[in-house]
Asker: 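Pasting a structure here, questions to come.
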Amino acid sequence: MAIYFYTKNEPNYEYSNFSKYGIECDGLWWETVEHYFQAQKFDNEEYREKIRRAHGPKQAASLGRSRSEPIRVDWNEIRIDVMKRAVRKKFLTHKSLKEMLMATGDEEIVENSPGDYFWGCGKDGSGSNWLGRIIMEIRDELRSSV
C-alpha cells in the first residue's frame with residue numbers, strides 16, 4: 001500500500017515541502033524546503049532573500065511562481081538536484097522525520113497533488129511523482145548509511 005501525502009490535515013503531511021521543518025542550506029536558515037526550493041529558481045540575490053524571508057511556504061511558493069523576475073536559464077536542468085539537496089537536508093536535520101521515513105519500509109511514497117503532474121501524481125495518478133521518488137531515494141541512502 002502506498003503512502004500518500006499532500007494536505008496539512010491529513011496523515012504524512014510531514015513529507016510535504018510546506019511542512020514546518022526548516023533546513024540550513026548555503027549558509028542560511030530556510031523555514032521550509034519550499035522556501036529554499038523556490039528561491040533557487042532565481043539568480044537575483046535580493047529576490048532569493050525575499051523568498052527566504054517570506055511569511056510561510058504559501059507566500060514563498062507564490063513568489064517563486066511569479067515571473068516578475070526572470071527565472072534562471074538552467075532551472076529545468078537543475079531543479080531535481082536542488083530538490084534532492086533540500087529534501088536530503090530536511091531528513092538529516094530532523095531526527096523524528098528520519099525515523100518516520102525509515103519506518104515506511106519499502107512502501108511507495110506519493111505526493112498526492114491533484115494539480116502537479118511533475119512533482120506529484122496529478123489528479124488521475126499518472127504524474128511523475130518526482131517528490132515522492134526523491135523521498136524514496138533519500139530513504140534508500142539513509143538505509144545504506146546505517
Asker: Fit a plane to each ring of Tyr15 and Phe91, take the angle between them on a 0 to 90° scale, and name the class: parallel (under 30°), tilted (30 to 60°) or perpendicular (over 60°).
Answerer: tilted
Asker: Kindly determine whether Lys98 and His94 satisfy side chain to side chain contact (heavy atoms under 4.5 Å, CB included), including the steps that lead there.
Answerer: CA-CA 6 Å; Lys98 180 181 175 183; His94 303 281; over 6 Å; no
Asker: Rounded to the nearest 0.5 Å, what separates atom CD in Glu111 from atom CG in Asn17?
Answerer: 7.0 Å
Asker: Taking the six-membered ring for Trp, is the centroid-to-centroid distance between Tyr13 and Phe5 below 6.0 Å?
Answerer: no
Asker: If the threshold is 4.0 Å, N to carboxylate O, is there a salt bridge linking Arg88 and Asp81?
Answerer: no
Asker: Work out which heavy atom in Thr93 is nearest to a heavy atom in Gly22; give both atom names and the distance.
Answerer: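 Smallest heavy-atom distance, with atoms named: CG2-O, 4.0 Å.
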Asker: Is the Lys NZ or Arg CZ of Arg72 less than 6.0 Å from the centre of Trp75's six-membered ring, within 45° of the axis?
Answerer: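 Output no; distance or angle outside limits.
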Asker: What are the two closest non-hydrogen atoms of Tyr47 and Ser68, and how far apart are they?
Answerer: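 So the minimum-distance heavy-atom pair works out to OH-OG, 4.0 Å.
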Asker: Restricting to non-hydrogen atoms, name the atom on Arg48 and the atom on Ala39 that form the minimum distance, rounded to 0.1 Å.
Answerer: CG-O, 2.9 Å
Asker: Tell me whether Asn129 contacts the main-chain N or O of Ile109 through its side chain, where contact means a donor paired with an acceptor under 3.5 Å.
Answerer: yes
Asker: Find out if a path of hydrophobic residues (ILVMFWY) with successive side-chain heavy-atom gaps under 4.5 Å connects Leu131 to Met100.
Answerer: yes
Asker: Between Glu69 and Asp43, is the side chain to side chain contact (heavy atoms under 4.5 Å, CB included) condition met? List the steps.
Answerer: CA-CA 9 Å; Glu69 285 291 322; Asp43 289 319; over 6 Å; no
Asker: Is the shortest side-chain heavy-atom distance between Tyr21 and Ser16 below 4.5 Å?
Answerer: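 Contact flag for Tyr21/Ser16 side chains = no.
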Asker: With hydrophobic residues grouped by side-chain heavy-atom distances under 4.5 Å, do Tyr4 and Ile135 end up in a single group?
Answerer: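 Different hydrophobic clusters.
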Asker: Check step by step if salt bridge (Lys or Arg N to Asp or Glu O under 4.0 Å) holds for Glu49 and Arg53.
Answerer: CA-CA 6 Å; Glu49 180 64 12; Arg53 294 179 177 273; 2.5 Å; yes
Asker: Do Phe118 and Arg79 have side-chain heavy atoms sitting under 4.5 Å apart?
Answerer: yes
Asker: Is there a side-chain contact between Ile23 and Glu31, using heavy atoms and a 4.5 Å cut-off?
Answerer: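 They are not in side-chain contact.
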Asker: Would you say the side chains of Asp124 and Ser126 form a donor-acceptor pair under 3.5 Å?
Answerer: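 There is such a pair between these side chains.
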Asker: With distance as the sole test, does Ser113 use its side chain to make a donor-acceptor pair with the main-chain N or O of Gly120 at under 3.5 Å?
Answerer: no
Asker: How about Thr32 and Phe18: do any of their side-chain heavy atoms sit closer than 4.5 Å?
Answerer: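 SC-SC contact between Thr32 and Phe18 ruled out.
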Asker: Side chains of Glu141 and Glu137, heavy atoms from C-beta outward: is any pair under 4.5 Å?
Answerer: yes
Asker: For Gln38 and Ile51, work out which heavy atoms get closest and say how close.
Answerer: O-CD1, 3.8 Å
Asker: Judged by atom type as modelled, is there a donor-acceptor pair below 3.5 Å linking the side chain of Arg52 to the main-chain atoms of His35?
Answerer: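 No: the side chain of Arg52 does not pair with the backbone of His35.
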Asker: Could you walk me through whether Glu99 and Ser96 pass the side-chain hydrogen bond (donor to acceptor under 3.5 Å, both in side chains) test, one step at a time?
Answerer: CA-CA 5 Å; Glu99 291 170 355; Ser96 63; over 6 Å; no
Asker: Please report the shortest heavy-atom distance between Lys41 and Arg67, naming the atom on each side.
Answerer: NZ-NH2, 4.2 Å
Asker: In this structure, would Trp130 and Leu101 fall into the same cluster of hydrophobic residues linked by side-chain contacts under 4.5 Å?
Answerer: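 Linked within one cluster.
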Asker: Grouping I, L, V, M, F, W and Y whenever their side-chain heavy atoms are under 4.5 Å apart, do Leu142 and Val33 come out in a common cluster?
Answerer: yes
Asker: Measuring centre to centre across the rings, with the benzene-like ring taken for any Trp, is Phe37 within less than 6.0 Å of Trp119?
Answerer: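 Under 6.0 Å, so yes.
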Asker: Does a donor on one side chain sit under 3.5 Å from an acceptor on the other, for Ser62 and Gln59?
Answerer: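 Judged by distance alone, the side chains do not pair up.
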Asker: Assigning hydrophobic clusters by single linkage (Ile, Leu, Val, Met, Phe, Trp, Tyr; side-chain heavy-atom cutoff under 4.5 Å), is Ile134 placed with Tyr117?
Answerer: no
Asker: Evaluate the side chain to side chain contact (heavy atoms under 4.5 Å, CB included) criterion for residues Glu34 and Ser19: first the C-alpha distance (whole Å), next the side-chain angles of each, then the deciding distance (0.1 Å), finally the verdict.
Answerer: CA-CA 9 Å; Glu34 190 70 15; Ser19 66; over 6 Å; no
Asker: For Glu77, does the CD atom have more than 12 heavy-atom neighbours from other residues, nucleotides or ligands under 6.0 Å away?
Answerer: yes
Asker: Where the side chain of Asn12 meets the backbone of Ile3, is there a donor-acceptor pair that is under 3.5 Å apart?
Answerer: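 It does not hold such a pair.
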Asker: With a 3.5 Å cut-off and no angle check, do the side chains of Arg85 and Tyr36 form a donor-acceptor pair?
Answerer: yes
Asker: Can you tell if the side chain of Val110 reaches within under 4.5 Å of the side chain of Glu108, non-hydrogen atoms only?
Answerer: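 With C-beta onward as the side chain, the pair touches.
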Asker: Going by heavy atoms in the side chains, are Tyr6 and Asp116 under 4.5 Å from each other?
Answerer: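 A side-chain contact is absent here, since even the closest heavy-atom pair is not under 4.5 Å.
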Asker: Which pair of heavy atoms, one from Lys84 and one from Ile138, lies closest together, and at what distance?
Answerer: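 Taking every non-hydrogen atom into account, O-CD1, 4.1 Å.
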Asker: Does a side-chain heavy-atom distance below 4.5 Å link Ser128 with Arg133?
Answerer: yes
